[in-house]
Asks: 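Just passing along the structure, written as structure tokens.
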Protein chains: 2
Amino acid sequence: MDYNQPTKNFQKEVAEQCIRYLSIDGVIFGFHQNQLNVLLLRWKGTNEWCLPGGFIRKTESVDEAAERVMQERTGLNELFLQQFHVFGAVVRYDQDAVWRKINLNVDADSWSERTISIGYYALVEHSKVVPTPDFLTEECRWWPLDEVPGLLFDHNHIIEVATRALRRQLNDQPISHLLPESFTIPELQRLHETILGHPLDARNFYKKMMASGTLERLTERRAGTPHKAPYLYRFTRSESQA
Amino acid sequence: MDYNQPTKNFQKEVAEQCIRYLSIDGVIFGFHQNQLNVLLLRWKGTNEWCLPGGFIRKTESVDEAAERVMQERTGLNELFLQQFHVFGAVVRYDQDAVWRKINLNVDADSWSERTISIGYYALVEHSKVVPTPDFLTEECRWWPLDEVPGLLFDHNHIIEVATRALRRQLNDQPISHLLPESFTIPELQRLHETILGHPLDARNFYKKMMASGTLERLTERRAGTPHKAPYLYRFTRSESQA
DNA sequence: GCAAAAGTGTTCGTAATACACCCATGT
DNA sequence: ACATGGGTGTATTACGAACACTTTTGC
């Protein structure tokens, strides 16, 4: 990559407006074709992928920074965000190796500093996302979680920690943010199965979801399926927030 | 307080060696006389209390910084530490009010900057702690959790979030770090009751603890009690780490 | 001997698990 | 008609909750 004038300006801007040594890394989860996906970015002029991320402006909260970064990559106004871990080791990955991969000349830059990263995960509706690269990347797209390649930095590790946090959350509350407004029970079951990594019994799952009291059946059914048309459901917002 | 030359030197040292805008706040839990306690510091020349905290040196990991700070306040070499939340709002508390309380002249200092704080809680053995004030404080002592006064900064809020995190942890695993090496079942029960905030049934508790397989009964009993001498138990390290 | 805490088993209700059949629809 | 997935009930088991009496010991 040619680290030209615009890049240098970007760096300068970050250095002036943002908090040094600190960054946000985001694991954006989507669910599509019965697979958990994460949104990754391809570094300009390379075939190397990484997580979306960014810096925290001195005038915005950490949550706002995370929201801004995620909004920019997804085109979404609202998204479910969860802080899950701070990655604070002095040496988080082999810096030389990474700089080589992205053709960065270390000596010429201040990038060789350590960075403490606050990890957020986002749960978004896959179909609503408009993947948008940022200043340093030229491609942004979904990757199935189990096909994610070796990433830059320690981003494979961050994805792992995020996935564990997501599983833990699933035990506490049904996850509504990865599905569209209305969905079928089997679709919800596939989602849970995918996150947990093992199959579930349809009858027990149905009972459990009904017993949770957070779902309501709509009058419509999912049309266009090859077989019996399943009912559509949606989460009852009022109850879960009361 | 007289913010004199040593204080200014301290500030200079922090500014040079540590990461700006970022700090550690620690909620150190102890258990004594059937009460959960937290370790608080009294600001020099005032009657205002706050949590132990500190800054992250550029050469140490965030975990190491937290460990260092907690070790300094407790005199302990080993302690159980858990990162639980990042407090990242731009305005976390009424700065003017706090500066007034600690007699700090804002204009003269760089302290008016925002600070992002990484919250850690520590579980320690109450009796082993040697409470030790730091550079800015002149007293360090235990406070029962339910008698904690209004604290400086947003530290009451941080304690609340830490307590919730501690409760969540208790559901997953028995908490061994707040008790001495050997203890009685009723003592362990009081601890659980205190953390959860409600009484537990002694018979069910006993059964559950025995079923967990992480406890072993010692041959000795607790002597010097006014009534029937209870057996001593200890956690079996080997199993819990296998 | 009596007050106070320790130690223990049984019953019950609820929640999770396992399992099988009928229904609706597109081909 | 048939293949495919949707929708539901019942029986079993495991787990947590409720509950009472005997034992020990210091006073």
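Hydrogens, waters and symmetry mates are skipped; everything else that's a heavy atom, side chains included, is used.
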Asks: Would you kindly compare A:Arg221 and A:Lys207 by the position of their nearest DNA chain D nucleotide and give the one closer to the 5′ end?
Replies: A:Arg221
Asks: Distance criterion of 3.5 Å, no angle test: do you see the side chain of A:Lys208 paired donor-to-acceptor with the base of C:dT17?
Replies: no
Asks: Atom CE of A:Met210 to atom P of D:dT8: distance rounded to whole Å?
Replies: 8 Å
Asks: Do A:Ser212 and A:Thr214 meet the criterion of a side-chain donor-acceptor pair at a distance under 3.5 Å?
Replies: yes
Asks: Is the shortest side-chain heavy-atom distance between A:Pro133 and A:Glu139 below 4.5 Å?
Replies: no
Asks: Send over the distance from A:Glu220 CD to D:dG6 P, rounded to a whole Å.
Replies: 18 Å
Asks: Does anything in residues 196-205 of chain A come within less than 4.0 Å of DNA chain C? Heavy atoms only, and list the residues if so.
Replies: A:Asp201, A:Arg203, A:Asn204
Asks: Should A:Asp25 and A:Phe87 count as side-chain neighbours, where that means a heavy-atom distance under 4.5 Å?
Replies: no
Asks: Between atom CG in A:Asn171 and atom P in C:dA15, what is the gap in whole Å?
Replies: 17 Å
Asks: Hey, what do you get for OG1 (A:Thr163) to CG (A:Asp146), rounding to the nearest 0.5 Å?
Replies: 10.5 Å
Asks: How long is the line joining CE of B:Met209 and P of D:dC15, in whole Å?
Replies: 14 Å
Asks: So if I take every side-chain heavy atom of B:Pro230 and compare against D:dT8, C:dA6, D:dG6, which nucleotide ends up nearest?
Replies: C:dA6
Asks: Indicate, with a heavy-atom threshold strictly under 4.0 Å, whether A:Thr184 touches base, sugar-phosphate, or nothing.
Replies: nothing
Asks: From NZ of B:Lys228 over to P of D:dC21, roughly how many Å is that when rounded to an integer?
Replies: 17 Å
Asks: Hey, does the side chain of A:Arg221 reach the backbone of A:Lys228 with a donor-acceptor pair shorter than 3.5 angstrom?
Replies: no
Asks: Would a line drawn from the ring center of B:Trp142 to the ring center of B:His32 be shorter than 6.0 Å?
Replies: no
Asks: Does C:dT8 have its OP1 or OP2 closer than 4.0 Å to a side-chain nitrogen or oxygen of B:Arg217?
Replies: yes
Asks: Measure from CD1 on A:Ile185 to P on D:dG6 and round the result to the nearest Å.
Replies: 11 Å
Asks: Between A:Arg167 and A:Ile195, is there a donor-acceptor pair closer than 3.5 Å when you use the side chain of the first and the backbone of the second?
Replies: yes
Asks: Rounded to the nearest angstrom, tell me the gap between atom OH in B:Tyr206 and atom C1' in D:dT23.
Replies: 14 Å
Asks: Measure from NE2 on B:His227 to C1' on C:dA4 and round the result to the nearest Å.
Replies: 4 Å
